[in-house]
Amino acid sequence: MRADNKERSSAGQAAVWQARLIMLVMINIAQLWILAATVDAALAGRYTVLVPLVVGSGVCFLVTLSIIRWWRPTSRKKTSTGYVRDNDR
Amino acid sequence: MNDLKNTINRVLSDEGDVRAATAPYQADFPYDRDEEAQVTRREFCNFLGLTSAALFIGAGGFAAKAALDARKSESFVAAPIDGAAALVPNSSMNFNYPAAGDSAILVRTSDGTYHAYGQKCTHLSCPVYYSRDHQRLECPCHEGAFDVASGNVLYGPPPRALDAIEIEVRDGQVWAIGRRASTDEHAS
C-alpha cells in the first residue's frame with residue numbers, strides 16, 4: 001500500500017515537472033515571437049506598438065521567473081492546509 | 001568457456017569500451033558519455049529562464065534604440081545635390097541627406113521634374129531603387145512599391161509612404177532643403 005502511494009506520488013511530481021517544462025517552452029516561443037515583432041516594428045518606425053510589446057515580454061519573463069521560483073512539486077507531507085495523507089500517517 | 005564469453009563481450013563492447021579504445025586524449029577527459037549528455041530537468045528549466053531573460057532584454061534593447069533614434073532632433077541645412085543637374089529624365093541617383101549616413105534617392109521623371117525620398121523602405125528598411133520600366137520606386141526585399149510622384153505605397157507590405165526630401169531648384173542646381181517623415185499608416 002505504502003509503495004503504491006509512493007509510486008503515485010512520484011508520478012504526480014513527474015507530471016508537475018512536465019507541466020512546468022511545457023509552460024516554460026511555450027512562454028519562450030511567445031517571447032521569440034514578441035522579439036521578432038519588436039524588431040519588425042523598430043525597423044518600420046512604428047513606435048506606438050513598441051511599449052506594449054516590451055511590456056508583454058516582461059510579463060512573460062515574470063511568469064517564467066515565478067514558474068522557476070515558486071511552482072515546484074511539493075512533498076506530500078507539506079500540503080498548504082497541513083493535511084497529511086494516508087501514506088504519511 | 002569463460003574466456004570465450006569474455007572475448008565475445010570484449011568484441012561486442014559497449015560504448016565505454018569504444019571510447020577507451022579509440023581516443024587517447026580521452027584519458028585526459030575521463031567523462032562518461034552518459035554523464036555528458038545528461039541534462040537534468042532543473043538545469044533545463046533554468047536554461048529556459050535565462051533564455052526568457054535574454055529575449056526580454058533583447059526586445060527592450062531594440063525598443064530603446066528605436067525610441068532614442070526617434071527622439072533625435074534633426075536640423076536641416078540646405079545642401080546642393082551634386083550631379084543632379086546632369087541627371088537625364090527617367091533616371092535616378094543616390095545622395096546622402098541630411099547626414100552622411102542617411103541615404104536618399106533623387107528621381108527625375110520622364111517629364112523632367114525632380115522627386116527625392118529617403119531610401120529606406122518603411123517596411124523593414126531595405127533600400128528602394130527606381131524602376132525605369134515601371135516608373136516607380138521598388139523595394140526588392142518584399143516586393144513593395146511606391147509612387148514616384150508622391151512616395152505613397154502602391155502595393156506590398158510597407159505600412160506608410162517614404163520619407164520625403166524637400167528639394168528646390170536654385171539657378172539650375174538642385175538643393176535638398178529638408179526632410180519630412182511620413183506618419184500616415186497605409187498611405188496610398
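Sequence lines set the chain letters: A, B, ... in the order given, protein chains first and strands last, and positions in each chain run from 1.
Sulfur-to-sulfur, B/Cys141 and B/Cys126 sit under 2.5 Å apart at their SG atoms.
In terms of non-hydrogen atom pairs under 4.5 Å with chain B, the most contact-rich of A/Val54, A/Asn28, A/Leu24, A/Val25 is A/Asn28. No other option in A/Val51, A/Asp40, A/Ile34 has as many heavy-atom pairs under 4.5 Å with chain B as A/Asp40. Chain B forms more heavy-atom pairs under 4.5 Å with one residue of A/Gly58, A/Ala41, A/Gly56 than with any other, namely A/Gly58. Counting heavy-atom pairs under 4.5 Å between each of B/Ala59, B/Ser52, B/Ala66 and chain A puts B/Ser52 at the top. Interface check for chain B: of the options A/Ile27, A/Val55, A/Thr64, the most heavy-atom pairs under 4.5 Å are formed by A/Thr64.
Residue contact with chain B, scored on non-hydrogen atoms closer than 4.5 Å, is absent for A/Ile67. In this structure, the portions of A/Phe61 lying under 4.5 Å from any heavy atom of chain B include both its backbone and its side chain. The parts of A/Leu21 that come within reach of chain B are both its backbone and its side chain, each placing non-hydrogen atoms under 4.5 angstrom from that chain.
The aromatic rings of B/His123 and B/His142 sit perpendicular, their planes meeting at an angle over 60°, well past the 30° parallel limit.
Every residue two or more places apart in sequence or in another chain was checked for a salt bridge (charged side-chain N to carboxylate O under 4.0 Å, His left out) with A/Arg69, and none qualifies.
Considering CG of A/Leu53 and CZ of A/Arg46, their distance stands at 9.5 Å, rounded to 0.5 Å. Atom OG of B/Ser92 and atom CG of B/Leu137 lie 8.0 Å apart (nearest 0.5 Å).
With a 4.5 Å cut-off between side-chain heavy atoms of Ile, Leu, Val, Met, Phe, Trp and Tyr, the cluster of A/Met26 takes in A/Ile22.
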